[in-house]
Amino acid sequence: AQSSVTLFGVVDAAVSGYSNKSENVAFPTLANPFYVDSIKASRTALSNSGYNSSRLGFRGTEDLGGGLAASFWLEAPITNDDGQTGISTFARRSTVSLSGAFGEVRLGRDYAPLYWNDTVFDPFGANGVGASVVFTANGAFNTFNGPASPAVAGVPSVSGNSYARASNSIGYFLPPNLGGFYGQVMYAFHEKDKFDSGTVTPTALNNSRSGRYVGGRFGYANGPLDVALAYGNSTIGDGFYAGTTTSVKTINLGGSYDFGVVKLFGEYSTAGKEVDYEVTPLVPAADIDLKGYVVGATVPVGPGLIRVAYSQAKYDFNLPFSLVGDPKADKVAIGYVHNLSKRTALYATVARVKNKNGAALTVGGPSFVATSTLVPGQAFQPKTSTGYDVGLRHAF
Amino acid sequence: AQSSVTLFGVVDAAVSGYSNKSENVAFPTLANPFYVDSIKASRTALSNSGYNSSRLGFRGTEDLGGGLAASFWLEAPITNDDGQTGISTFARRSTVSLSGAFGEVRLGRDYAPLYWNDTVFDPFGANGVGASVVFTANGAFNTFNGPASPAVAGVPSVSGNSYARASNSIGYFLPPNLGGFYGQVMYAFHEKDKFDSGTVTPTALNNSRSGRYVGGRFGYANGPLDVALAYGNSTIGDGFYAGTTTSVKTINLGGSYDFGVVKLFGEYSTAGKEVDYEVTPLVPAADIDLKGYVVGATVPVGPGLIRVAYSQAKYDFNLPFSLVGDPKADKVAIGYVHNLSKRTALYATVARVKNKNGAALTVGGPSFVATSTLVPGQAFQPKTSTGYDVGLRHAF
Amino acid sequence: AQSSVTLFGVVDAAVSGYSNKSENVAFPTLANPFYVDSIKASRTALSNSGYNSSRLGFRGTEDLGGGLAASFWLEAPITNDDGQTGISTFARRSTVSLSGAFGEVRLGRDYAPLYWNDTVFDPFGANGVGASVVFTANGAFNTFNGPASPAVAGVPSVSGNSYARASNSIGYFLPPNLGGFYGQVMYAFHEKDKFDSGTVTPTALNNSRSGRYVGGRFGYANGPLDVALAYGNSTIGDGFYAGTTTSVKTINLGGSYDFGVVKLFGEYSTAGKEVDYEVTPLVPAADIDLKGYVVGATVPVGPGLIRVAYSQAKYDFNLPFSLVGDPKADKVAIGYVHNLSKRTALYATVARVKNKNGAALTVGGPSFVATSTLVPGQAFQPKTSTGYDVGLRHAF
């Protein structure tokens with residue numbers, strides 16, 4: 001068979017502005033004459049991936065006969081605004097597959113099933129300042145507790161989180177000819193050492209099985225309708241001697257319906273971070289829940305597309321008593337994409353997040369200021385985050 | 001429109017030798033019996049980029065109709081002598097553009113305007129042991145004072161200097177049909193956080209606005225003549241609390257004239273490193289100036305090209321009194337390129353730098369020895385640097 | 001001449017299991033009630049390169065006329081199982097060449113001559129759990145003593161060992177038309193600074209000339225027969241003030257004969273690690289020898305290939321008296337490759353290493369447990385290492 005490598009990519013750059021305001025929740029007193037109402041951290045930048053994620057990839061398929069095919073897909077994230085990240089990783093996707101009438105078996109680093117609902121059923125595709133808070137909150141929620149691979153400043157690391165993608169995975173995909181039904185399951189190895197006899201040698205790090213991922217997604221797409229349900233269980237911490245395993249279990253359900261003049265989108269997501277104990281203590285750690293939803297729409301206007309979305313993320317600490325309400329963030333985003341061709345588009349997006357009770361989600365840019373170096377004793381809490389992208393997306 | 005990615009590159013390797021001599025400016029005494037006249041640090045190496053910079057890149061253009069076009073350019077520096085640097089960054093160029101009758105708007109990391117005069121009007125193109133001291137001195141002169149991105153040993157970093165290239169930039173280029181006139185302007189974002197109220201939160205690092213770059217270049221090319229003037233202003237340090245901003249402002253003017261049997265080159269460059277104060281102190285820091293020039297020629301000889309150049313760089317510390325003269329370096333370089341085809345050439349270059357009064361410019365290789373570990377009390381000062389490249393350049 | 005870049009690669013992924021057992025060589029006593037016979041460290045992983053090394057490369061040749069040609073070869077190792085390593089280095093090969101009737105001159109980073117016998121005459125090609133202990137033991141044996149380039153956790157480094165490949169090298173290859181005879185020689189620069197006067201400035205690091213490599217390989221291939229002899233001398237440490245130079249000198253001889261129904265393989269390797277002294281001390285360090293051999297066979301079965309190999313590595317510390325025998329490892333490997341096409345294959349390999357007297361060679365996976373954190377006073381010594389790969393190799 002003839003070799004056929006396809007080189008593909010996206011180069012997306014935008015001028016972006018971010019302004020993230022923290023509010024002083026303390027009160028002005030006589031002893032505190034330098035009372036400051038709020039602190040705003042802002043930044044203007046040339047950013048990448050405001051509409052579609054910048055990338056460079058290599059892929060190919062070989063027909064093996066008898067309906068069988070082998071294929072590979074190596075896709076690198078790139079930071080084209082500053083040139084700092086070349087093809088230093090294939091963190092976006094790095095797989096080899098065997099497919100046939102039975103479906104497809106895929107080995108390597110791949111998108112985790114949950115991610116697809118977050119991106120397909122968000123009018124902003126989980127990119128840029130408009131990305132839903134369901135996506136941004138869940139991403140942070142799945143960060144590994146125990147030490148992952150050593151993180152080196154300046155060196156891209158692909159590990160530490162299996163929410164959007166998982167390394168060392170085996171995936172299975174249903175074949176495409178099932179009358180609109182589609183589906184996939186995924187298992188990712190933790191690749192941690194196991195010792196026998198078990199009590200003798202593990203180190204004390206909280207990572208004995210962290211990195212393991214199990215998930216799946218099933219959906220139905222027919223004409224204007226597309227709905228899908230996904231589940232994922234990510235082991236984010238595992239203390240061998242403590243006898244604890246921390247995992248995040250997430251379910252999301254999304255759908256879209258294209259009426260032609262308008263396409264509607266919706267997603268609901270619920271996640272729980274739980275600690276399993278080998279020996280349950282008197283007062284076990286409370287689970288933390290994260291629930292969220294997205295509703296949105298796109299409206300085609302000639303060669304353009306108007307996009308709007310509203311999303312919410314709500315944490316529940318499951319505490320018996322609490323003086324403060326549970327953290328919550330609401331986000332609204334609106335944008336316009338002007339297609340110059342199928343491959344090239346100009347776009348503009350504005351978005352605003354409103355945080356309550358300590359939630360600290362941003363549209364991007366600087367972190368919220370939480371403490372003040374010059375005026376101690378004040379209590380700043382994240383409040384609003386506003387931002388925009390005005391950019392150019394070119395695909396090849 | 002059809003996708004069309006062009007893969008291109010240069011693989012240039014040479015055997016290179018460097019010998020950098022420091023002179024003892026102390027005097028032999030009875031108490032110092034181990035007097036050493038001079039110390040030579042030398043190295044023989046397989047080097048890259050002796051004639052043209054080694055690189056690997058991807059680029060493409062899409063015709064959008066109506067004279068409009070979108071294009072991208074991703075170009076990585078590579079170290080083909082040791083294989084250590086793959087496509088780990090797109091530090092050479094990483095841009096996406098929209099062009100038309102109005103000219104071209106370019107976003108990303110790109111060459112800074114000043115760089116073009118240094119390379120186009122130097123017979124050695126600012127590469128290898130023959131590169132002019134105007135280029136090597138100005139590169140070092142523009143190094144950021146304040147901490148740039150965290151530098152990790154072994155990890156290529158694209159920041160720290162905007163003399164030759166700038167990240168996070170917006171560029172505009174005149175269209176090509178202006179009767180020989182050409183031009184470009186460039187602005188690069190510093191991407192640092194700004195705080196409001198301003199006095200509360202910046203860190204003490206000297207980098208509040210460092211990284212900002214403004215520059216432009218305008219020229220005229222017609223037949224045998226090419227002349228261009230360029231300007232650049234690079235913010236290399238910015239202390240928020242100190243109220244100081246350090247910037248390097250550079251102007252260079254270059255030209256070439258091709259008589260057929262010989263092509264002549266010349267460039268003049270003048271740069272000033274200034275500290276601007278919010279509140280001017282009694283004794284402000286003196287500006288440092290760096291002036292330099294290149295004169296050179298190339299002579300075609302059958303399939304070959306003889307190259308010669310003389311360049312000078314001179315620092316001025318603007319001190320009211322000084323016992324020592326200002327540092328100065330002179331360089332002479334001569335070389336021959338033998339073209340085996342348009343893409344493949346053999347080349348040889350020899351060059352020598354002579355430093356005075358503490359200037360420490362080399363043709364490459366080891367640093368000058370400034371102190372001696374075995375003979376304390378002696379004072380070594382950089383003197384001459386001599387080197388050669390004998391190599392093979394292959395482009396694709 | 002027309003540019004013609006070929007993009008090529010291998011994506012090879014397998015499910016692999018490793019189980020490495022250490023034996024307690026102490027005795028149970030009354031004072032030691034927690035006696036543990038053995039400790040097993042095991043891991044299951046998605047691995048890469050179990051059959052062929054995963055890679056992505058760019059290469060091309062330009063016909064210069066008159067029998068001359070220029071060519072380049074840039075080949076990156078990739079870790080497709082986790083996507084962590086993209087084209088971050090061209091550590092596998094990074095060369096530019098000029099070739100003609102005289103043979104080929106090659107500059108850059110390339111395979112060292114010794115490596116070819118280890119891979120060509122091993123039925124498992126020095127890849128996966130089946131790789132011969134001759135290859136794995138010699139690789140570790142050639143590790144630099146003195147500090148190499150600064151190693152950064154998480155950043156691939158190409159230096160530290162010149163057994164399989166050498167950076168900064170000049171290679172010469174005989175032309176291909178010599179009646180079956182083939183050959184190559186290689187010299188790699190150490191690229192360390194030299195100082196004159198010599199006693200004044202070198203640092204105390206043990207690396208004044210480390211990195212230098214000299215080697216060659218000569219063989220004869222005709223019909224079913226292929227034999228080759230290779231030699232390499234790698235400077236792995238050099239203390240300027242101590243006046244010591246540590247080098248590893250290796251000779252290997254390999255051959256294969258293809259009877260059609262079965263192809264037989266054999267290799268013998270002998271290496272010595274020696275310290276050369278400027279002033280020989282009373283009791284110089286004893287040389288360490290490493291001898292090994294491989295015998296193996298492949299049997300084609302329809303579209304498949306059965307592979308078997310037995311290999312041994314034996315260290316000799318050359319000590320006058322020793323209570324313990326010299327370390328020794330024996331390995332047996334068996335596998336099957338099922339070709340779905342020329343480019344795509346399924347494969348399975350199982351292998352087992354048996355270590356004696358402190359040898360610690362594995363088939364891969366976790367290190368042997370040498371001490372126990374909970375039961376001090378026990379003495380664990382590496383014993384057996386067992387593993388398997390079941391995978392898919394796709395080349396393009």
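Just so we're on the same page: letters track the sequence lines, and every chain starts at 1.
Of all the listed residues (B:Thr95, B:Asp110, B:Ile87), the one sharing the greatest number of non-hydrogen pairs under 4.5 Å with chain A is B:Ile87. The choice from A:Lys21, A:Arg43, A:Lys342 that makes the most heavy-atom pairs within less than 4.5 Å of chain B is A:Arg43. Of the listed residues (A:Leu346, A:Asp12, A:Asn20, A:Thr44), the one with the most heavy-atom contacts under 4.5 Å to chain B is A:Thr44.
Of the atoms belonging to B:Leu74, it is side-chain heavy atoms, and not backbone ones, that fall under 4.5 Å from chain A. Of the two parts of B:Phe189, only the side chain, counted from C-beta on, holds a non-hydrogen atom closer than 4.5 Å to a non-hydrogen atom of chain A. With a 4.5 Å cut-off on non-hydrogen atoms, A:Ser19 does not touch chain B at all. Both the backbone and the side chain of B:Ala70 have a heavy atom closer than 4.5 Å to some heavy atom of chain A.
The line from OG1 of A:Thr384 to CD of A:Glu23 is 8.5 Å long, rounded to the nearest 0.5 Å. Interatomic distance, CD1 of B:Ile236 versus OG of B:Ser162, reported as 10.0 Å (0.5 Å rounding).
Using a 30° and 60° split on the angle between ring planes, A:Trp73 and A:Phe8 fall in the perpendicular class, above 60°.
A donor atom on one side chain and an acceptor atom on the other are not found under 3.5 Å apart for B:Asp193 and A:Ser42.
Closest heavy-atom contact between A:Arg92 and A:Ser53: NH1-CB, 3.1 Å.
Both tests pass for B:Arg165 against the ring of B:Tyr115: distance under 6.0 Å to the centre and angle within 45° of the axis.
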